Amino acid sequence: MLIALETLIGGLMLGALYALFGLGLSLSLGVMRMINIAHGDLIVLGAYLCSVVMQMFGIGPFLSLMLVVPLMFVIGMLLQSLLLNRVVGQGTLSPLLLTFGLSIVLQNFLQETFSADTRSLQAGDIALRGFDLGGVSIGLLPLLSTVVSVIIFAGTSWLINGSHLGRQARAVADDPATARLVGVDDRNFYALITGFILAVIAMAAVLYGIRTPFAPTSGPERLLYSFEAVVLGGLGNIWGTFIGGVVIGVAQLFGAKISSGLGPFFGHLVFLVALLARPEGLFRRIQR
Amino acid sequence: MLSIESVDAYYGLFQALFGLSFSISPGETVALIGSNGAGKSTLLKTIVGAVRVRRDGVRLDGRDVGGDTEPQQLARGIALVPEGRRLFGSLTVLENLQLAARNGRAGPWTIPRLMQEFPVMKEFQHRPSTALSGGQQQLVAISRALVCNPNYLLCDEISLGLSPLAVNDVYGLLSRARGDGLAVVLVEQNVTRALAESGRFYCIQKGRVALSGKSADADHAAVAQAYFGM
Amino acid sequence: MSDTPTIMPAAPNVLRTAMLPLTMALIGCAVLVALPWYASFATQRLLVEGFTVFAIAMAWNLLAGYGGLVVVGHQMFVGVGAYALFASSNWLGLNPWLCLPVAALVSALFSLISSVPMFRLSGAHFAVGTWVLAEMLHILTLNTSWLGAGAGMPLEALGDFDRWTRNAGVYWAALAVGLGALAIATTVLHGPLGLALMSVRDNEAAALASGVSVRRAKLSLWLISGTMTGLAGAVSYMNTLQVTPDATFSLNWTAIAIFTAVLGGIGTLEGPLVGTVLYFLLREVFADYGAWYLIGLGMLAIATMVVAPGGAWSLIARRWPIDLLGVRRSMPPL
């Protein structure tokens, strides 16, 4: 019983990280109607950038974000305005194939630059510390990443629902041509959104890199978890993505208890079964 | 003064405008009449930059502004109320206005003033814009353009599909806007209404100006001939 | 000496020009079939790869270019076909060539079953959904001891054949798969299914209204494509003698199919043909550069999508307006 509770809490905290992976994908699908196959590879790129900055300045992973977050923001803006804007709004095929190519390029670039070896981000003893809560041991790092994830979700949710930025995002998602008529430059706005997405990715990447060793080829798996969180939660629903991520995290940890190699399999299985029952996701899009 | 100088416009391979010229002075109201597919909407879209046009195709106060984007034209004071109203369904009525007000220019038209002129809009301000009736949606759509405080307001089929009562409301709002010195271009199916509301008119047929003149002097037989191309 | 010119009757002339392409095709086939008697093992193995990659790319192109079904988990068909061949041959001790129909049958059955969950999704969701399914099969085979788990399986029965027979046999099987893929794709697109797909691609709502069963058309395409890929996967792994979960269910298979179709031209029959030739040319010349080669290939695919979305074939067809197989279609505005 205690083990089940510990697995559940562990799954919730793992899921909060998956949800954070998924947040960016949710925004690009929701606002730009575009899937980014290279999303997972960009997470891995973020982790490598942190690693480089840490070595260069001899600082910890969280401090490295001071540099990596703005850097990723700029990379996102350039990526969108130079490349992705050429295929956005053209249906499924073109953006999907373009970002698929980008994913291959990124993976091999990382491999060429950093070798195929795995590495991880060293955060000192915070990664090892934990505390006991009624017999259930809780790691400090998973708890921290859960708190960070919830804060970022709350902030994004507030931005979308209560700010000028969010009103622009929803207007562009509804009807880009009319959004231009009320002064929203959709192309520039997409660049801003992708910059924001990559900044969020940078923060997710640090939490991921401290928790799990990563390699140049780790990206596709991150993309699948992100995608499952988004689709399970229902498109265009920010908190739905959070719950979707949590469901996948819990399913994976319980699956791993059944057979150690089958954790991700059960995550995928729960995703497929849930989708068969509700193809539009667990939560329909809520029109404000 | 806003003018279009012998412009050709295309949708892909299809040519919609053929060497068309058009002009409107500050404070003036000009009606564009013509049958479906004559090119009236294309003309409006060309002015705001939604359809490609050469640099000197559109002139504003002596400057060439053709080929610029919709946001750039909005900043210069040219706003379009699109056909079919096209409110943002994910935004409330108030949010539709807030979005436009923030991106538009400062001026006499503010959200509180619009709410005051249309108490019914104030009542519905927190509803999703899709929950309104057609007439109410049209008022919001015009208000959304007005809060940008344009000098030139381009209206595409603003009475289409509305009840006669709602049409009166819509034109009531327009006449108040004109009272503030706003120039208005009206694309209108209802020829009688269009001529009654405007000072000058252009009758467009197959992408060319077939007839133009003062609305008060318009000869109905000549207009009908230009309209139907008979 | 006679000054009378020989007058050729018109009819045989016409007959001769009509016979020419057919004669050329027959000679071409004969040259290809006889290849094991005059070409090296290395050449044969390269051509086996070529024919199977062509068939897989054509299958992917049928789905994406004609059915609007963009598949990212295409490797699942390769894996299912290859594992079906290896497992049936090893367990029953049968001649692997006799097991190829089994591989085709299992692939067809798998396509049918997998269509149930997959066809509930559409667009980008469908695309990544197929990837999730492929990943599930990958993890399952990794954890299934009677399929050899992570180490995979060799194809034991192939050891009974001498080297020449083995190479020639695999080569002929691959040749059959390649030519079969071309023939089936051409036939399908000229037939009623092709017509239904074209109308769906032009306007799904209108096609529905005029009585085209969109679901049935897409399901047929999915079955044909899945079986074609499964069979090509089986033959391809006869060439390498060993299946492993990591290689057989690798995303690389989809990547190759996508590169080939994109470079050649999506939504054309000639595209995968041109793409396969381009892909192998690039690989033979640049593969030594390792990761840089793959970076270059990815960038080439990106550039193609941006600059010439119709691929190399669209550039060729623009210059010399020919329609080899008579089923040219412009790229779908998906």
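Here the structure is a predicted model, which is why all the values come from computation and not from measurement. Residue numbers start from 1 in every chain, and the chains themselves are labelled A, B, ... in the order their sequence lines are given, proteins ahead of strands.
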[X], part contacting chain A, at a heavy-atom distance under 4.5 Å:
X: Ile302(C); result: both
X: Val262(C); result: side chain
X: Phe259(C); result: side chain
X: Leu294(C); result: both

(message) With a 4.5 Å cut-off on side-chain heavy atoms, are Thr248(C) and Tyr83(C) touching?
(response)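 SC-SC contact between Tyr83(C) and Thr248(C) confirmed.
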
Cut-off 4.5 Å, heavy atoms of chain C, and the answer for Leu102(A) is both

Notebook entry, point to check: Heavy-atom distance under 4.5 Å to chain C: side chain of Phe100(A), backbone, both or neither?
Noted result: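 Answer is side chain: those atoms of Phe100(A) sit under 4.5 Å from chain C.
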
Heaviest contributor of heavy-atom pairs below 4.5 Å to chain A, chosen from Ser122(C), Ala127(C), Ala301(C), Ala255(C), is Ala255(C)

Looking only at Glu135(C), His125(C), Met118(C), most heavy-atom pairs under 4.5 Å shared with chain A are made by His125(C)

Ranked by heavy-atom pairs below 4.5 Å to chain C, first place among Ile104(A), Ile35(A), Leu106(A), Leu98(A) goes to Leu98(A)

Highest number of heavy-atom pairs under 4.5 Å with chain C among Leu223(A), Val230(A), Leu97(A), Leu29(A) belongs to Leu97(A)

Name each donor-acceptor pair under 3.5 Å that joins a side chain in residues 142-151 of chain C to protein atoms two or more places apart or in another chain, with its distance.
from	atom 1	to	atom 2	distance (Å)
Asn143(C)	ND2	Ile139(C)	O	2.8
Thr144(C)	OG1	Leu140(C)	O	2.5

For residues 248-277 of chain A, which side-chain donor-acceptor pairs fall under 3.5 Å, sequence neighbours excluded?
from	atom 1	to	atom 2	distance (Å)
Gln252(A)	OE1	Tyr18(A)	OH	2.7
His268(A)	ND1	Glu228(A)	OE2	2.5

Exercise. Would you call the rings of Phe242(A) and Trp239(A) parallel, tilted or perpendicular, where under 30° means parallel and over 60° means perpendicular?
Worked result: perpendicular

> Is the number of heavy atoms from other residues, nucleotides or ligands within 6.0 Å of CZ (Phe109(A)) greater than 12?
Replying inline: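 Atom CZ in Phe109(A) is not crowded, with 12 or fewer foreign heavy atoms closer than 6.0 Å.
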
Looking only at the side chains, is there a donor atom on one of Ser250(C) and Gln75(C) sitting less than 3.5 Å from an acceptor on the other? no

When every non-hydrogen atom of Gly67(C) is compared with those of Lys218(C), the smallest separation belongs to O-CE, 3.3 Å

